[in-house]
Amino acid sequence: MFFIFGISKKLKQKIDQKVLYNGEMVTGIIKVYRFYFDFFFIPFIPLHRTYSLYIPKTDEYYENNYFGKMPKKYLEICKQAAKSV
């Protein structure tokens, strides 16, 4: 038998959120990604979430994944924003 399986990443939410950065409130763009285990290109099992935060004013980008680490204060903001929407 021939089975096709893998892991895919899908964008679930894109949120504009006010973030405290260096003592002032700036608008940050939060993206929530969800990883799935795919079987024949159909997502079956959700594995985990990752977050990314982009601050356009300073052109800074943070990711929470295996290679990029997000500061804890921004990670908590991303988790709260993802729950509220």
Side-chain angles (χ1 to χ4, degrees):
M1 280 188 155
F2 182 73
F3 293 103
I4 298 175
F5 61 91
I7 296 175
S8 66
K9 174 177 150 180
K10 298 189 186 300
L11 177 66
K12 293 310 258 180
Q13 293 176 342
K14 182 178 175 184
I15 306 162
D16 292 336
Q17 177 78 27
K18 293 286 186 180
V19 178
L20 184 63
Y21 180 77
N22 287 341
E24 64 181 271
M25 295 297 283
V26 296
T27 301
I29 300 169
I30 298 171
K31 291 183 181 178
V32 180
Y33 295 98
R34 188 75 186 221
F35 282 83
Y36 289 96
F37 179 76
D38 290 346
F39 184 68
F40 285 108
F41 304 108
I42 300 171
F44 272 108
I45 302 170
L47 298 175
H48 64 277
R49 290 184 192 171
T50 60
Y51 304 97
S52 69
L53 173 66
Y54 176 66
I55 302 173
K57 183 175 182 179
T58 58
D59 201 35
E60 290 190 29
Y61 182 76
Y62 299 104
E63 266 189 329
N64 181 31
N65 58 13
Y66 300 115
F67 303 111
K69 296 296 177 194
M70 183 182 294
K72 290 188 185 227
K73 63 179 181 177
Y74 295 142
L75 182 60
E76 291 300 320
I77 291 171
C78 290
K79 287 181 180 179
Q80 290 297 324
K83 286 182 185 177
S84 66
V85 174

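What you see below is based on every heavy atom in this structure, not just the backbone, and it leaves out hydrogens, waters and symmetry mates.
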For the hydrophobic clusters of this structure (ILVMFWY residues joined by side-chain heavy atoms under 4.5 Å, transitively), does one cluster hold both [X] and [Y]?
X	Y	answer
I77	I29	no
V26	Y54	no
I4	I7	yes

Taking only distance into account, with no hydrogens and no angle test, what donor-acceptor pairs under 3.5 Å do side-chain atoms of residues 32-48 form with protein atoms, sequence neighbours excluded?
from : atom 1 : to  : atom 2 : distance (Å)
Y36  : OH     : K12 : NZ     : 3.4
D38  : OD1    : S8  : OG     : 3.3
D38  : OD2    : S8  : OG     : 2.8

Query raised in the report: Which atoms form the tightest heavy-atom contact between G28 and P56, and what is the distance?
Result: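 Looks like CA-CD, 4.5 Å.
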Query raised in the report: Of the non-hydrogen atoms in I30 and A81, which two are nearest, and what is the gap between them?
Result: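 Nearest pair, atom of I30 first, then A81: CD1-CB, 3.9 Å.
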Query raised in the report: Can you tell me how far the OH atom of Y21 sits from the CD1 atom of I55, to the nearest 0.5 Å?
Result: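 It comes to 6.0 Å.
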**Report entry** side chain to side chain donor-acceptor pair (under 3.5 Å) partners of N22, counting only residues at least two apart
**Finding:**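 Expected list: none.
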Report task. Decide yes or no on side chain to side chain contact (heavy atoms under 4.5 Å, CB included) for T50 and E63, but give the supporting numbers first. Result -> CA-CA 8 Å; T50 60; E63 266 189 329; over 6 Å; no
Report task. Show your working on side chain to side chain contact (heavy atoms under 4.5 Å, CB included) between K18 and T27 and close with a plain yes or no. Result -> CA-CA 5 Å; K18 293 286 186 180; T27 301; 3.4 Å; yes
Listing, residues 67-76 side-chain donor-acceptor contacts under 3.5 Å, not counting sequence neighbours, or none:
none

Query raised in the report: Do the side-chain N and O atoms of Y51 and N65 include a donor-acceptor pair separated by under 3.5 angstrom?
Result: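 Checked: Y51/N65 side chains show no N/O donor-acceptor pair below 3.5 Å.
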